[in-house]
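Everything below concerns the one structure shown next.
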Amino acid sequence: MLLLDGETVSSRPCNIIGENRKLGQIILPRMVPSKLSHRHQLRGHRSISEISGVVDDDESLGKRPLDGQNNTLKYKVFASTWNVGGMAPSSDLDLEDWLDSRANSYDIYVLGFQEIVPLNARNVLGPRNSCISTKWNSLIGETLNKRRRRGEGLHQETTNSSATDRSVQEEQHFRCIMSKQMVGIFASVWVRSNLRPYIHHLNVSCVGSGIMGYLGNKGSVSIRFMLHETSFCFVCCHLASGGKQGDVILRNFDAADILARTRFAGGEAQELPKKILDHDQVVLLGDLNYRISLEEAETRVLVEDKNWSILLENDQLLLEFSTGRHFDGWQEGVITFSPTYKYQPNSDQYYWCFDGAPGEKKRAPAWCDRILWRGKGLKQIQYDTCCNYRLSDHRPVRAVFHAEGEIRGDPDCCACGCTALSSTSE
């Protein structure tokens, strides 16, 4: 088990194997129809939109009617997803560009990985291998706290110190408040050290939606917490793969299944969010695996011409948004970057540009890696990819949010160092 910031995270499987299921059946292709059957049996959750609301426009973000004064604090949240293709990171992998930690600093970092281990039978069925997730966490911590170590070195060269200097150093220190691995899916949340005392009711929930609809080669790891009076939920997903006709239906079912089955523990007397969409602010990120609904040859020509507009008109996820059948109430930033999949590892060229083995599939490029969000007081201000990381056949995608959270009492008395806002209820 992992011990992080005093939080013990159990290594036992979370909701990934159903009762009375024979492991010998899991490799049979004929089990795929049973997965669809399982999705149809979801209790009242046939689509994501059935339990979604409509997100207000930007002008109304953060303005909630309360009796009297509504005090809020503004936080900067960095969120990113990266399918690392089963490749272990080297000990000297530099993550500063990816985490944007040289020039900027954020209050909360939410990092979601897929395929941190190869998705073979041993990793799917066997005990969890936490060595790789520990290594990723170590690299993240070193990167986020590098600026603090630089400041400490400079501070040691001076003879005078002040409370302000110590406060600045504390603000630059980041701690992992929760991380969790389910097979290849790994989520890790980091916050500024002086924000930690105001975070409570940390919890994690895992849902396996892979083989047989229950194993953890696909699914989600969700981490939630309360920050002052505002509830946050971050969902790291890896949805069904495949570029064949009808595979998009499996992805839609996976997404609906995750929303329906994710549950967070809490006493009955506690008025805490139990499900993902019960939270005030939600970010869903991961390898959602949605492809482009065009013939592969046509897709390749459009990619070569960098004709993103035509490609995006045929993006499966955006088509789901436009029909309103799924993802109602969710938002995504404007995509201005090139498709994030499928690259030749250690190259800037897409996989289909290279000669492969006879009969080997050369999948057309697609925007598989996405970040969605919903909730009042949450506003995305950046959405891009980090192209100089060539570890796998995916490129990491990242987003920056401004998040407004409620606080009781005088926000000027809060020592967390966030921007104080004050709005009178209308």
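Note that the structure is predicted; figures quoted are calculated from it, not measured.
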Salt-bridge criterion met for [X] and [Y] (N-O under 4.0 Å):
X      : Y      : answer
Arg300 : Asp305 : no
Lys218 : Asp254 : no
Asp94  : Arg102 : yes

Phe337 vs Tyr383 aromatic rings, parallel, tilted or perpendicular, using cut-offs 30° and 60°?
-> perpendicular
Say whether, by atom type as modelled, one donor and one acceptor occur between the side chain of Ser322 and the main chain of Leu319 under 3.5 angstrom.
-> yes
Side chain of Arg251, backbone of Ala240: donor and acceptor closer than 3.5 Å?
-> yes
Can you tell which of Val110, Thr385, Asp100 makes a side-chain contact (heavy atoms from CB on, under 4.5 Å) with Arg398?
-> Asp100
Among Ser231, Cys233, Pro273, whose side-chain contact (heavy atoms from CB on, under 4.5 Å) with Asp278 holds?
-> Pro273
Measuring centre to centre across the rings, with the benzene-like ring taken for any Trp, is [X] within less than 6.0 Å of [Y]?
X      : Y      : value
Trp98  : Phe113 : yes
Tyr341 : Trp367 : no
Tyr109 : Phe174 : yes

Criterion ring-ring contact (aromatic ring centres under 6.0 Å, His included) on His279 and Phe264, from CA distance to verdict | CA-CA 11 Å; His279 292 78; Phe264 296 100; 5.3 Å; yes
Establish, for the pair Lys342 and Tyr351, whether the NZ or CZ atom is under 6.0 angstrom from the six-membered ring centre and no further than 45 degrees off its axis.
-> yes
With Arg395 as the cation and Tyr343 as the aromatic partner, state whether NZ or CZ is under 6.0 Å from the six-membered ring centre and within 45° of the axis.
-> yes
So which heavy atom on Asp107 is nearest to which on Lys76, and how close?
-> OD2-N, 2.7 Å
Nearest heavy-atom contact between Arg263 and Ala260 is NH1-O, 2.6 Å
A side-chain contact here means heavy atoms from C-beta on lying under 4.5 Å apart; do [X] and [Y] qualify?
X      : Y      : result
Phe225 : Asn203 : no
Leu125 : Leu215 : yes
Ser222 : Ile276 : yes
Ile199 : Val191 : yes
Tyr75  : Leu195 : yes
Ile371 : Phe401 : yes

Verify whether one side chain among [X] and [Y] offers a donor that lies under 3.5 Å from an acceptor in the other.
X      : Y      : result
Ser209 : Asp257 : no
Gln344 : Asn346 : no
Asn289 : Arg291 : yes
Gln281 : Arg374 : no

Checking side-chain contact (heavy atoms from CB on, under 4.5 Å) for the pair Arg370/Leu318: CA distance, chi angles, key distance, verdict?
-> CA-CA 11 Å; Arg370 311 290 274 267; Leu318 294 182; 3.8 Å; yes
